[in-house]
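Structure, as structure tokens:
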Amino acid sequence: MKSLLLTHFDAIFGPKIFMHAGITSVDEVKHIPPLMDLYKEGFFYHEFNKDKSANLSFQIPSTYARGNYEILMLTYLVRDDELNPIMAREYLTRFADHMMRIDDGFKAFYVGSGKHPGDPRKLDEIKELFDSLYHSLPAAINVYAQKERKIFVFGLTKAGKTTILDAMRNRKVKQLQPTIFMDISKALLPDTNVSAMIYDAPGQLKYREMWAPNIAGSDGLVFVIDVADKDRFGEARAVLHDIAMRQETRVLPLLLLFNKVDLKKPKVKDLVKALDLDKLGPRPLKYFETSAITGEGVVDAFAWFGKELSKIA
Ligand SMILES: Nc1nc2c(ncn2[C@@H]2O[C@H](COP(=O)(O)OP(=O)(O)OP(=O)(O)O)[C@@H](O)[C@H]2O)c(=O)[nH]1
Ligand SMILES: [Mg+2]
């Protein structure tokens with residue numbers, strides 16, 4: 001199955017499929033509209049059972065809607081097939097750009113609503129755009145050679161590991177509880193063809209015995225540190241060197257995330273020294289200043305990491 005869906009956020013009913021191609025009934029894809037509540041605006045990739053979807057959440061101006069915009073989500077969904085997310089993103093973005101340029105396009109969403117006067121011509125215009133997108137999707141969009149990698153994410157408790165992984169996926173950030181088990185999930189690293197099995201380690205001391213058995217077979221390491229928490233730099237350094245300099249880890253690519261820069265602008269030189277980064281090589285190693293809350297630096301960091309991981313045979 002290959003389908004294209006346009007979901008509209010309805011003020012009363014919530015996210016609802018507004019237009020579709022390639023399916024016979026919206027029941028087949030009822031797990032898609034709720035993604036709108038789970039992810040932030042922008043592009044995201046989601047896998048569920050045999051479904052792979054590339055999604056773009058975006059807004060168009062509207063004088064009818066609260067906040068003066070309509071929230072939409074365009075989804076390309078395949079079942080039992082491959083999906084090239086990088087290519088899908090290009091096509092979805094092109095559609096959104098066109099849609100934003102339709103004057104009063106929002107009136108399409110109110111045809112027959114009884115709430116506001118809709119405009120059937122706008123509906124036709126969007127339908128035409130939608131159908132032409134569906135028919136112009138090239139066969140290559142279903143060809144994709146993913147590289148499977150395993151990455152181990154560690155650091156002290158409350159550094160922001162779990163939050164930053166959500167930010168990387170473009171998920172809405174919720175207030176999280178500390179991780180208490182090894183949290184294993186799959187995600188696509190942004191702008192790469194690396195599909196990563198991510199091991200998000202619990203940072204609390206009492207759970208660290210869970211780490212070692214889960215490091216085996218890792219292709220790369222991610223270390224997260226809270227830059228505002230100077231008192232724990234020493235402990236962070238010890239943990240970093242213990243994990244990253246083992247026999248089986250010492251040459252693995254290492255991504256360092258100097259996190260929570262929204263709270264405190266770090267003195268990077270001091271951090272590099274406090275963590276003894278020059279004693280962690282030679283290996284692919286890079287640090288990024290990030291904020292899991294604002295998203296600053298997150299995509300760049302994981303895109304670099306993904307490129308390093310895709311170089312490994
Ligand atoms: N201001 C700010 N807060 C952050 C940032 N990243 C995470 N937080 C907050 O820090 C707290 C801890 O974040 P988590 O992601 O749970 O930390 P963790 O490293 O997974 O912690 P453990 O699971 O115990 O190892 C949460 O309240 C987050 O909202 C950030 O970049 N900026
Ligand atoms: Mg956590």
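Quick note: residue numbers are just sequence positions, from 1. Remember, it's 1-based here, ligands and their atoms both numbered in the order they're listed. This is a predicted model, so every value here is computed, not measured.
Residue, atom and distance of the protein heavy atom nearest to atom 26 (C) of ligand 1 are Gln175 NE2, 3.8 Å. Distance from atom 3 (N) of ligand 1 to its nearest protein heavy atom, with residue and atom name: Ile293 CG1, 3.5 Å. The protein heavy-atom contact nearest to atom 12 (C) of ligand 1 is Lys158 CA, 3.6 Å. In this structure, atom 1 (N) of ligand 1 lies nearest to the protein heavy atom Asp262 OD2, 2.8 Å. The single protein non-hydrogen atom nearest to atom 18 (P) of ligand 1 is Lys161 N, 3.5 Å, given as residue, atom name and distance. The shortest contact between atom 31 (O) of ligand 1 and any protein heavy atom is with Ala292 N, 2.8 Å. Looking at atom 14 (P) of ligand 1, its nearest protein heavy atom turns out to be Thr163 OG1, 3.4 Å. What sits closest to atom 16 (O) of ligand 1 on the protein, heavy atoms only, is Leu176 CB, 3.9 Å.
Lys147 has its side chain out of reach of Leu309: every pair of non-hydrogen atoms, C-beta onward, lies at least 4.5 Å apart. Side-chain atoms of Glu28 and Ser3, non-hydrogen and from C-beta on, never get closer than 4.5 Å to each other. Contact annotation: the side chain of Glu296 approaches that of Val261 to within less than 4.5 Å [non-hydrogen atoms, C-beta and beyond].
On a distance-only criterion, Lys260 and ligand 1 share at least one N/O pair closer than 3.5 Å. Below 3.5 Å of separation, one finds an N or O of Gly203 facing an N or O of ligand 1. Taking any N or O of Ala159, backbone or side chain, at least one lies under 3.5 Å from an N or O belonging to ligand 1. When only interatomic distances are considered, the shortest N/O to N/O separation between Pro178 and ligand 1 does not fall below 3.5 Å.
At least one N/O/S atom of Thr179, whether from backbone or side chain, sits less than 2.8 Å from the Mg ion (ligand 2). Taking backbone and side chain together, Thr163 holds no N, O or S atom under 2.8 Å from the Mg ion (ligand 2).
Each of the atoms 31 (O) of ligand 1 lies under 4.0 Å from some heavy atom of Ser291. The ligand atoms of ligand 1 that sit less than 4.0 angstrom from a heavy atom of Leu263 are 1 (N).
A donor and an acceptor atom, one from each side chain of His31 and Asn49, are nowhere located under 3.5 Å apart.
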Evaluate side chain to side chain contact (heavy atoms under 4.5 Å, CB included) for Lys265 paired with Glu289, printing each intermediate quantity in order.
CA-CA 9 Å; Lys265 192 79 193 139; Glu289 295 174 48; 2.9 Å; yes
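Put simply, the residue from Phe109, Tyr64, Phe106 that forms a ring pair (Phe, Tyr, Trp, His ring centres under 6.0 Å) with His116 is Tyr64.
A salt bridge between Lys150 and Asp219 is absent, with no side-chain N of the basic residue lying under 4.0 Å from a carboxylate O of the acidic one.
By the 30° and 60° cut-offs, the orientation of the rings of Phe58 relative to Phe95 is perpendicular. Under the 30°/60° scheme for interplanar angles, the aromatic rings of His46 and Phe48 are found to lie parallel.
Following chains of ILVMFWY side-chain contacts shorter than 4.5 Å, one cannot reach Ile293 starting from Val298, and the two form parts of different hydrophobic clusters.
The parts of Thr162 lying near ligand 1 are both backbone and side chain, judged by heavy-atom distances below 4.0 Å.
Heavy atoms of Gly155 stay at 4.0 angstrom or farther from ligand 1.
Proximity of the aromatic rings of Phe223 and Phe154 is defined here by a centroid distance below 6.0 angstrom, and this criterion is met.
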